[in-house]
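A, B, ... follow the sequence lines: proteins, then strands. Residue 1 opens every chain. Below, all heavy atoms of this structure are taken into account, side chains as well, without hydrogens, waters or symmetry copies.
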Amino acid sequence: MKEERGRGFRNWLDQRLGYRAAWAAVFERSIPEGLNWAYTLGSATLFVFILQALTGIFLALYYTPNPDNAWQSIQFIENHVAFGPMIRSLHHWGASAMVVLVFLHMLRVYFMGSFKYPRELTWIVGVILLFLVLAMGFTGYLLPWDEKAYWATTVGTNMVGAVPFVGSFLEGLLRGGPSVGVLTLPRFYAVHMLFLPALLVLFITLHLVLVIRLGISTPPKAARQERLMYENRAPVGRSAAAQRGVRG
Amino acid sequence: MAPREESAGLRHGDGGQQDEARLSRRSLLSWMIGGSAGLIAVVLGTQLIGFAASPAFEAPSSDWVDLGPLDAFQPGVPKNVQFVITHRDGWKEESKAASVWVVRGNQGTNDVKVFNGHCTHLGCIYSWQAATRTFDCPCHGGEYTIDGRVIAGPPPRPLDALEFKVSGGRLSCLYQDFKLGVSQKVPA
Ligand code: HEM
Ligand code: FES
């Protein structure tokens with residue numbers, strides 16, 4: 001991009017930080033023709049992730065990962081904290097929204113064939129992200145420490161116990177003991193708000209670097225028209241398609 | 001995120017392909033995106049700040065306890081009132097049973113004493129003995145007069161008088177516990 005010289009704070013900053021180039025690389029990069037709303041699903045997922053991070057950080061001001069008080073601390077958020085129900089609902093519904101969006105995004109990538117060369121690594125990192133998002137949902141579900149949370153986690157960890165040979169070890173690892181109890185809650189809490197978010201930030205960054213570096217894949221239809229254009233050196237349209245038909 | 005249509009215009013005008021209409025469409029979109037981002041930031045931001053600051057706006061919990069109509073207390077006849085006080089500290093709620101002795105004198109509506117129901121020695125529950133006209137403690141033989149002075153036994157200080165008020169004909173007191181076994185009246 002063109003370097004802007006001169007005075008003023010923004011120029012001062014840009015001469016040192018180069019933020020305009022960075023901004024342009026992210027927001028003013030060229031994208032192929034023929035994109036549609038389905039191509040915003042990744043960004044929508046990212047938006048919800050940021051929302052989850054924000055509301056989650058704030059919920060941590062009141063939430064207490066202790067089996068004796070976890071439930072009460074959530075009742076406190078619901079009944080006594082200003083905007084408590086709003087912030088908690090945002091985090092609650094955001095969690096479901098994120099899982100739905102991440103699947104829709106994956107479907108778009110799959111049906112547009114965007115996972116092919118050179119974007120295999122983007123896809124692989126995406127699969128890791130998918131599991132991280134699901135793990136977020138699973139660990140977050142226990143935190144309210146009500147009957148539903150408790151039994152959902154008991155059932156969920158029981159399933160892990162069914163794995164051949166190492167099942168009971170994995171089950172104990174997840175639960176921090178033979179049954180869902182005092183050690184399970186802090187474990188899920190730490191995983192939910194420290195381990196997984198760190199991994200998510202790491203892999204989302206990698207994912208975005210790849211997306212920006214490789215550029216968005218051209219949708220199949222636009223790619224076909226482009227190819228035709230080069231092959232026939234003729235305007236694209238019904239006549240071009242007809243021509244292709246003639247040429248077999 | 002301020003729309004930077006001037007510089008965007010500069011860049012995209014380079015090829016000379018772009019006409020005016022396209023430029024303004026671009027800046028309209030960037031205003032719309034910037035505007036919605038700003039709106040979300042403001043709405044979400046105020047809620048998050050309110051959420052975080054919420055406990056700072058909480059009025060300090062007051063433990064004023066309603067003791068009923070003042071007329072229910074006869075001058076010279078101490079009366080025991082029992083109640084449950086709930087103290088809330090964040091999500092932690094502690095309820096405890098407490099009681100006071102109300103003593104009315106003959107000098108009008110403000111001639112009232114409200115004593116904490118615990119003996120100042122080690123906290124036992126004392127009671128009024130109509131026969132001897134004393135407050136007697138069953139634990140170690142502490143005895144107090146009707147206005148709380150110690151006349152026998154180990155209590156190190158008089159009964160703990162509580163702050164009270166009469167409004168609309170009703171008596172209420174600010175319930176408080178004090179450190180036991182010491183001669184000064186220090187809040188516990
Ligand atoms: C936290 C979860 C995720 C976030 C925040 C995210 C974000 C993004 C964003 C912003 C893009 C740019 C294009 C678009 O928006 O469609 C993108 C592209 C892509 N994503 Fe994701 N993604 C996530 C999960 C996944 C998953 C689960 C997969 C597949 C298993 C995946 C595979 C890809 C691929 C292959 C591309 C390149 C698409 C192309 O170039 O056309 N992503 N991602
Ligand atoms: S507690 Fe009342 S006399 Fe010891």
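Contacts of A:Ile57 with chain B are absent, with no heavy-atom separation under 4.5 Å from either backbone or side chain. Only the side chain of A:Phe47 comes within contact range of chain B, with at least one heavy atom under 4.5 Å from a heavy atom of that chain. Proximity to chain B (any heavy atom under 4.5 Å) is restricted, for A:Leu90, to the side chain, taken from C-beta onward.
Counting only distance, with no hydrogens or angles, the side chain of A:Tyr62 and the backbone of B:Trp91 share no donor-acceptor pair below 3.5 Å.
Side-chain contact check for A:Phe83 versus B:Leu48: every heavy-atom pair is 4.5 Å or farther apart.
Closest approach of B:Gly50 to A:Ala82, counting heavy atoms only: O-CB, 3.9 Å. Here the closest non-hydrogen pair linking A:Phe58 and B:Ala52 is CE2-CB, 3.8 Å.
Among the residues in residues 125-158 of chain B, none has a non-hydrogen atom closer than 4.5 angstrom to a non-hydrogen atom of chain A.
Heavy atoms from other residues, nucleotides or ligands lying under 6.0 Å from CD of B:Glu163 number 12 at most.
Put simply, CD on B:Glu93 and NE2 on A:His80 are 6.0 Å apart, with the number rounded to the nearest 0.5 Å. Once rounded to the nearest 0.5 Å, the distance linking CG of A:Leu61 with CZ of B:Phe51 reads 6.5 Å. Rounding to the nearest 0.5 Å gives a distance of 11.0 Å between CD1 of A:Ile87 and OG of B:Ser54.
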